[in-house]
There are 2 protein chains.
Amino acid sequence: MENVPRLDRLIQRLESAEGLDDLQVAIEELRDQLGVDHLVYHWVSSNGEQYGCGTYDLEWVNRYVEKGYLRVDPVIQGCYQRFHPVDWKRLDWSSKAARQLLQDAIKHGVGNQGYSIPIRGPNGQFALFTLSHNASDEDWEQFTNDNRRDLILIAHYFNQKALELEPGRKPEQAQALSPREIEAMTLLAVGYSRAQAADTLSISEHTLRVYVESARFKLGALNTTHAVAKALSRGVIVV
Amino acid sequence: MENVPRLDRLIQRLESAEGLDDLQVAIEELRDQLGVDHLVYHWVSSNGEQYGCGTYDLEWVNRYVEKGYLRVDPVIQGCYQRFHPVDWKRLDWSSKAARQLLQDAIKHGVGNQGYSIPIRGPNGQFALFTLSHNASDEDWEQFTNDNRRDLILIAHYFNQKALELEPGRKPEQAQALSPREIEAMTLLAVGYSRAQAADTLSISEHTLRVYVESARFKLGALNTTHAVAKALSRGVIVV
DNA sequence: CGCCCCCTCGCAGTTTCTGGGGAGTGAGAT
DNA sequence: ATCTCACTCCCCAGAAACTGCGAGGGGGCG
């Protein structure tokens, strides 16, 4: 495993990428240059669709999806709650499902070591930039320490380009909620009933209802719970 | 204006900061070293609370808050929709309130040029790392281009430390949900009614109800919407 | 072998939410 | 100066969710 080579040139390549294919080529080259087993960038969008590119076997990717590993993966859950890159060893693998996932992953060629960088974009976008490799704890620690900053930057530029190139993200640009709508949704998100929320805002329950309906419409949600979930995952409201 | 000096040492200083005061000192030193007029880190939250440190006059900060500029500031709104750092010139200053804000800002010593880096953390955290200065368009463009990568990194480490030090962050690790409970909550979060969700899982509606109640209890939530919101913001479920 | 948790199912009554109407004011934008 | 949009209020009826009662089988762990 070597240090990130020619950071400047790599970032320039990323910036000049014109299609998702270019990102796939870039990630493979970077994998080779770093000398790690796998390098993956993947993005979970709020509507469930996800785009990713990387060097995992297709078989493993499909298996991961089919088995619903997304829901039990400590890497996902851990990164979702963290800001800084995280070594897989520091995550919580105590649950049975998690250990099973890890064994399965190793069996499919994912290394015993991993390092994942969480990245967040507008509208609740969340992506991971992950390295995996077979190495000793010491070597891996050394490697990740040496390259952390460059990897953070690469992940950033990678995500920037993915955001640019990702099709179908404009329609998802929902209308902004009005201040009152945001207040109403926020109160519902922290457990208030409509009556309580209306009382808190000193308006009639009917008025509050109008806000919630309006917000539901703007967010394209099917019901109040859905609307709160969408508002949260897009960062429209914060609890 | 000079290039970012001694990036390594600066990041080390940030990493070893033990209090918010250290961050204030760090930001002032960095400002002096960069030779820009102002450098500000602030954490924007929609409910109004915010923490920040920087070199703006206290008078200006207070005025900004009192006037409710937060709601009309194109810097906030623009960065909220973007991932990459943005030059203030590229934002939309067409609205009357925005131009008024800009004039007011310049009058209070904020430079005519600005550059803001959006940063996002877990649970919808959103912060800005902003430079402002008096300079010509050409000089400013040159400066920001030369320092972009280093500034992104600094902003990242700054935010990491701010997240660590932020007092109001309670771990509050709740009980884990069972697989079935996670499935149930996830379906509700994507807009399914209880009946639909039960149908999807091929169980009776009542059984599904038991899961939801159980999850609500484990999450310490007051109702289903609250439970979904808590599960989402804790990363227990991913939509 | 109990104990605890996970999974599964039923009934009934009460409360809340949803969706369909209509209506008036004020601020900001064209 | 009109016009849009946010904000406020009201009624009604049906659909859905919540509350509280109870019940049994299966699996892991001390």
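In what follows, every heavy atom counts, from backbone to side chain, and hydrogens, waters and symmetry copies are set aside. Naming: A, B, ... by sequence-line order, numbering from 1 per chain.
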When rounded to whole Å, the CD to P distance for the pair B:E213 and D:dC21 reads 12 Å
Tell me which of B:S202 and A:R194 sits closer to the 5' end of DNA chain C, going by the nucleotide each one is nearest to. B:S202
Just checking A:V212: base, sugar-phosphate only, or nothing, at a heavy-atom cut-off of under 4.0 Å? nothing
Any side-chain donor-acceptor pair under 3.5 Å between B:N159 and B:Q125? yes
Could you label the plane-to-plane angle of the B:Y64 and B:Y69 rings as parallel, tilted or perpendicular, counting under 30° as parallel and over 60° as perpendicular? perpendicular
Determine the contact category for A:S214: base if any of its heavy atoms lies under 4.0 Å from a base atom, sugar-phosphate if only primed atoms, P, OP1 or OP2 are that close, otherwise nothing. nothing
Of the nucleotides C:dT8, C:dT18, D:dC7, which one has an atom closest to the side chain of A:S178? D:dC7
Aromatic plane relationship, A:Y41 with A:F129 - under 30° parallel, 30 to 60° tilted, over 60° perpendicular: tilted
Centroid-to-centroid, B:H84 to A:Y157, below 6.0 Å? yes
Applying a 4.0 Å non-hydrogen cut-off, can you work out what A:R216 is touching in the nucleic acid: base, sugar-phosphate, or nothing? sugar-phosphate
Indicate, with a heavy-atom threshold strictly under 4.0 Å, whether B:S193 touches base, sugar-phosphate, or nothing. sugar-phosphate
Can you identify which nucleotide, out of C:dC7, C:dG10, D:dC9, has its nearest atom closest to the B:S204 side chain? C:dG10
